Amino acid sequence: MRKLSPNTKRRRLLLEEVRRRRKKRRKLSRAFRLQTRDKLLAERRRFAAANDIYFERDLRRTSIILPSRLSLDDNYNETAQVFSLIRKTVLLDRRPATLHFEHVTYIDPTAALLLVAEVFRANRLRNAASGRAIDGTYPRDATVMDALVKLGFFKILSVPVPPTYTGQADEDAPIFLRFLTDVHVRSELIDWFVEVIERAEILMLDEPSRRKLVGAIIEAMSNAHEHAYRNKGDIPTLPHRWYMSASVHPENHEVQIILADQGMGIPLTLDLSLFDQLKASDGAIRTLVDSLRGKHSDGLAIKAATELWRTSTRQRGRGRGFRDMKAFVDACPDGELKVLSNRGSYHYVAGAESYADESLSICGTIIRWRIRNDSAVMMKDD
Amino acid sequence: MTDMTFSIARQFSPYPGPRYARQGEHSGEALGRILARKLREPIDRLVVELDGTRGYGSSFLDEAFGGLIRVHGFNLSDLRSRLVIRTTDPSYKLEVEDSLRQAAG
């Protein structure tokens, strides 16, 4: 037998030691994986029970069951809860989710745009190892399916439209316009967008009113770009990004134009010190701001933001936007403006306004104009 | 008397945009720079035509005209005598006047 040199002996001993340690590490790692898996399953079971969602044993995805009415007008809490779950699961817990549309029988244009925005953001920010951060099941309801197809929802999910989809389900159902999103203010795009809406022959505006509408959308988009993402919150964002869509309702002879952002929300970006230099004649606004300093109300904060233009602080970029947004409503025979921001909502129709507070936050801002055209009603009926 | 006419729709853009250049194309800030350059030329009056565009946001007008005072150092009385706003929409004329007054303080 050949005699080994001391160096070779040492090398063999070292190799043996390395092999032993590797084996031990593999054994420990397997035990750790099993333990973690059990822990995750238990956590998922608790989460599913607390949020009344379907418990899926597949660790890769969380199932989120959408309510039958996805609407921020008449089912605010359940709808806002869904968006909150998407944010928590995908953005904060970094887990992929599956949206279950089986029970959805109605989706309003505002909730639809917010859903698109949430999915867009989640899929941009969180690439799951198992595929898309969010995927979903197809809706059973033909109207909901039609709305989502037209809005471009399946495009952002990169999934094909199902072969069973045959087009507009109901002649009187709302027609959704494909959503637009960008990180800059695009006035040419706004003009094209208004032109597309006008083709439905419900929004028949004279030239000055049309210019006011374009101006109002430019201001809303500018606010999203300039102010909405100024501060950083817990939820990751896509800075400066806005989302816009519209829907035409042939049955009600109305058009809705919606612009959303996922920023900090008006109540958190409103600087109350801007109101310090109010003119003496603005007693009502002074009272409003004083009451806002005394109590927290997102609805009241939005109302205060719409009055910011009255301040002569020479602070550029604040206040004029809401004045333009309201000026368009004033120019329409039957128009309204609704602003949802965090927990607050603000409603304006020519000469009357109101505000309210909700229990859940939408974590961003939505601006919606609703324009009804009675002359279109008469013309079509004739 | 030498007058110079500047049509925003023809010589700047038919699609006026946001307040600042960083927010997007055809901004009020960019127009303000052009107007300031023209006002420094040896002319008596600058006639700015607002008609022909697809619509203005107030911030655009505020930055383009109010910015002449805030950013480019013109004074209100000089602008009142040398800057003429021509438009068929009285609300835009009021908007420009308001911006100039606010910028002058």
Side-chain angles (χ1 to χ4, degrees), chain A residues 182-195 198 205-229 239-242 259 277 279 308-328 330-331, chain B residues 8-9 12-32 49-73 75-76 85 87-105:
Chain A
D182 204 294
V183 291
H184 286 109
V185 178
R186 306 265 309 271
S187 44
E188 209 169 329
L189 190 71
I190 296 170
D191 184 63
W192 170 82
F193 186 71
V194 173
E195 213 172 287
E198 282 176 325
L205 301 171
D206 56 12
E207 205 43 43
S209 305
R210 191 192 189 280
R211 283 200 298 264
K212 279 194 170 63
L213 172 61
V214 171
I217 301 175
I218 289 175
E219 289 296 325
M221 227 175 242
S222 302
N223 278 349
H225 182 282
E226 194 68 14
H227 305 295
Y229 300 92
H240 306 300
R241 189 163 286 281
W242 52 260
L259 198 124
Q277 294 170 37
K279 286 172 262 173
L308 198 56
W309 63 274
R310 292 182 195 276
T311 62
S312 52
T313 56
R314 286 197 276 162
Q315 179 89 15
R316 290 180 295 166
R318 292 315 298 258
R320 286 172 184 269
F322 274 115
R323 194 177 56 172
D324 281 9
M325 293 177 218
K326 285 157 87 169
F328 169 64
D330 293 334
Chain B
I8 295 181
F12 181 68
S13 169
Y15 308 102
R19 176 185 290 267
Y20 301 116
R22 62 171 180 266
Q23 292 177 294
E25 286 182 323
H26 316 306
S27 64
E29 191 181 2
L31 178 65
E49 282 179 2
L50 300 187
D51 290 347
T53 69
R54 310 298 279 167
Y56 295 98
S58 295
S59 302
F60 173 91
L61 293 174
D62 182 53
E63 194 59 33
F65 294 96
L68 291 173
I69 295 173
R70 280 191 305 257
V71 181
H72 300 285
N75 64 56
L76 184 61
I85 303 297
T87 172
T88 49
D89 191 331
S91 69
Y92 288 147
K93 206 163 188 167
L94 285 173
E95 194 71 58
V96 172
E97 181 56 36
D98 185 44
S99 293
L100 291 174
R101 226 184 10 250
Q102 275 210 22

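In what follows, every chain begins at residue 1, and chains take the letters A, B, ... in the order their sequences are listed. Note that the structure is a prediction, hence the values are computed from the model and not measured.
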Exercise for the section: Any chance you could measure B/D98, atom CG, to A/R323, atom CZ, to the nearest 0.5 Å? Expected result: 5.5 Å
Problem - From OG (B/S59) to CD1 (A/I218), nearest 0.5 Å - result: 9.5 Å
Handout entry: side-chain contact (heavy atoms from CB on, under 4.5 Å) partner of B/R19, the single match among A/H225, A/E226, A/R320
Key = A/R320
Problem - Check: A/S187 side chain, B/Y15 main-chain N or O, donor-acceptor pair, under 3.5 Å - result: yes
Practice task
Search all heavy atoms of A/D324 against all heavy atoms of B/Y56 and return the closest pair with its distance.
Solution key: OD2-O, 4.4 Å
Exercise for the section: Side-chain contact test, heavy atoms from C-beta onward, threshold under 4.5 Å: evaluate it for A/H240 versus B/Q23 and give yes or no. Expected result: no
Exercise for the section: Heavy atoms only, distances under 4.5 angstrom: which of A/R186, A/E188, A/M221, A/R210 has the most pairs with chain B? Name it, please. Expected result: A/E188
Problem - Best-contacting candidate, B/G66, B/S27, B/P16, against chain A by heavy atom pairs under 4.5 angstrom - result: B/P16
Problem - Contacting region of A/E219 [heavy-atom separation from chain B under 4.5 Å] - result: side chain
Completion exercise
On a heavy-atom basis, the closest approach of A/K212 and B/S91 is NZ-OG, 3.9 Å
Problem - Interface residue of largest heavy-atom contact number with chain B, from A/V214, A/V194, A/I217, A/D191, under 4.5 Å - result: A/D191
Exercise for the section: For B/E25, look at atom CD and say whether over 12 heavy atoms of other residues, nucleotides or ligands are found less than 6.0 Å away. Expected result: no
Practice task
Over all heavy atoms of both residues, which pair between B/D89 and A/R211 is shortest? Give the atoms and the distance, please.
Solution key: OD2-NH2, 3.4 Å
